[in-house]
There are 2 protein chains.
Amino acid sequence: MAYRKTPTEVRRLAAARERLVDSATAVVAEVGWTQASVTAVADSAGIAAGSVYQHFPSKAALAVEVFRRAAGREVDVLGEVLHHPDGSPVERLARGVEVFARRALENRGLAYALLAAPAEPAVGAERLDFRRRYRALFTDVLHEGMAAGLLPAQNGEITAAALTGAIGEVLVDPLGAHDENDVDELLAELVAMALRCAGAPPETPPQTPPDTPRA
Amino acid sequence: MAYRKTPTEVRRLAAARERLVDSATAVVAEVGWTQASVTAVADSAGIAAGSVYQHFPSKAALAVEVFRRAAGREVDVLGEVLHHPDGSPVERLARGVEVFARRALENRGLAYALLAAPAEPAVGAERLDFRRRYRALFTDVLHEGMAAGLLPAQNGEITAAALTGAIGEVLVDPLGAHDENDVDELLAELVAMALRCAGAPPETPPQTPPDTPRA
DNA sequence: GTCTATAGAAGGATAGAC
DNA sequence: GTCTATCCTTCTATAGAC
C-alpha cells in the first residue's frame with residue numbers, strides 16, 4: 001500500500017467494494033438477511049471475513065448498502081415507466097404495476113428480502129424510506145390522472161400509499177412460494193386491483209357502449 | 001418457596017408476568033422497539049432488569065409476546081366487526097376498515113410499533129404471521145360480497161392481501177405525525193379507497209336518485 | 001431446613017462522544 | 001482513535017414461602 005492512494009489503487013478498492021456488494025446481494029437473495037452471515041458473504045466475494053470491515057464499518061452498514069442498491073434500481077425502473085412520455089396516466093399506472101411485479105417475480109429471493117423478509121432495524125428503517133419514494137411516484141401519476149379526468153377525485157397521497165402497500169403485500173405470498181403457478185393471472189389480477197383502487201373504470205365495461213374511442 | 005408451587009404462587013407469578021408484558025407494551029408504545037431497553041421496561045414494571053429473565057429467556061422473546069398480545073387484540077376486534085351478523089358484507093368491510101384505523105389512530109405509538117417501526121427480525125417474523133391473519137379475515141368478507149353479488153368477480157385472496165397492505169401503509173404517515181389533523185377526513189378517504197379496491201360501487205352515485213333508503 | 005424468585009452488580013460487547 | 005456509556009445477559013447473595 002502507498003502513503004497516498006494512487007488512482008489505480010482507488011479504482012481497485014472501489015471495484016473490490018462493488019464485488020462485495022454484488023456478492024452480498026446474491027447471498028441475501030438466496031438465503032435471506034438472517035442467514036447471510038459475514039463469512040458467507042465474504043466467501044462468496046472471495047475475500048476473508050475480516051476484509052469485509054475494510055469496506056464497511058459493520059455488517060448492518062453492508063446490509064443497508066445492499067438494500068439501497070437493489071431497492072434504488074426498482075424505484076428508478078418504476079419511475080421511468082410511470083413518467084414515460086407515452087400513454088395516459090392510467091395506462092402508465094397499469095404498466096408500472098405490471099413491470100414492478102414482473103421484475104419482483106423474476107428475482108423472487110431478492111424481492112422478498114426487499115419487501116417483507118424480517119431484517120435488522122437498520123434495514124427496516126431503509127424500507128420505510130424507500131416506501132416513501134414509491135408513494136411519491138404513484139402520487140404524481142394519480143394527480144395526473146385526476147387532472148386528465150381519468151380518475152375520480154381522491155386524496156392522491158392516500159391512494160398512493162395504498163397502492164404501495166397493496167402491491168407489496170400481494171406479492172409476499174407468491175414470492176415466498178417457489179413454484180411459479182400462473183404468473184400471468186396474478187399480474188392481471190394485481191393490475192386490475194390497482195386500477196380499481198385508483199378508481200379507474202374497468203377497461204371493458206359490459207353495459208356502457210364504448211362511444212369514447214380514446215379513454 | 002415450596003417444593004411444589006402452590007396455587008397462590010402460580011397466580012402470583014402469572015400476575016408478575018402479565019404486569020411485565022403490560023409495562024413493556026406501554027414502553028414500546030411510547031419510545032418504540034429500539035429504545036425499549038430491558039432496564040427501561042423493568043423499571044416501568046417495578047422489578048430489576050435481571051428479573052425479566054425469570055419470565056422470558058431473552059429480550060426478543062418478550063418483544064414477541066408484546067407484539068402477539070397487542071396484534072392479537074386487533075385481529076380479534078377486526079374479526080368481530082367483519083363477521084358481525086348485521087349488515088351487508090360491503091358495509092361490514094367498510095366498518096371494519098374504519099374501526100381498525102380509528103383504533104390505530106387512538107393508540108398511535110403502539111399502532112406504529114405494530115405496523116411499521118423497524119424491529120428485530122423475531123418481531124418482523126411475527127408481523128408477517130399476523131398480516132396473514134388479517135388477509136384471511138378480509139378474504140372471507142370479500143367472498144361473501146361476491147356471493148351476494150355486491151362485489152365484482154375477483155381473486156379474493158389477492159384483494160384481501162391488497163387491503164391488508166394498503167390500510168397499513170396508509171396509516172404509517174398519520175401514525176408518525178403527532179398532530180391529529182383531520183382524522184375524520186383520513187378515515188373517509190381510507191374507507192372509500194378500500195371500497196374502490198374491492199370493487200364496491202360508490203355509496204352515493206350522483207346520477208341515480210336514492211330510491212332505496214336502506215342500502 | 002430447603003428451594004426458588006428477586007435484586008443488584010458484574011461481564012462482555014457495542015455504539016456514540018470527544 | 002480512544003474512551004465512556006449503555007446495552008443485554010449472567011451470576012451471586014438474599015429473602016421469603018413452604
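The basis for the numbers below is simple: all heavy atoms, side chains too, and nothing from hydrogens, waters or symmetry mates. Chain letters run A, B, ... following the sequence lines, proteins first, then strands; residues in each count from 1.
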Hey, is the main chain of [Y] close enough, under 3.5 Å, to the side chain of [X] for a donor-acceptor pair?
X	Y	answer
Arg108(B)	Pro174(B)	yes
Arg68(B)	Glu126(B)	no
Asp182(A)	Glu185(A)	no

Are [X] and [N] close enough that a side-chain N or O sits under 4.0 Å from OP1 or OP2?
X	N	value
Gln54(B)	dT6(C)	no
Ser51(B)	dA7(C)	yes
His55(B)	dA5(C)	no

What's the closest nucleotide to the Thr39(B) side chain, out of dC7(D), dA7(C), dA5(C)?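 Within the option list, the nearest is dC7(D).
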
In terms of side-chain heavy atoms of Ala48(B), which of dC8(D), dA7(C), dT6(C) is nearest?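 Of the options given, the side chain of Ala48(B) lies nearest dA7(C).
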
[X] has an atom [atom1]; how far is it from atom [atom2] of [N], in whole Å?
X	N	atom1	atom2	value
Tyr53(B)	dT9(D)	OH	P	3 Å
Arg11(B)	dA5(C)	CZ	C1'	17 Å
Glu120(A)	dC7(D)	CD	C1'	17 Å
Arg12(B)	dG16(D)	CZ	P	12 Å
Phe56(B)	dT10(D)	CZ	C1'	19 Å
Gln35(B)	dG16(C)	CD	P	11 Å
Asp43(B)	dT6(C)	CG	C1'	15 Å
Leu13(B)	dA5(C)	CG	P	6 Å

cation_pi(Arg131(B), Tyr134(B)) dist<6.0 Å, angle<=45: no

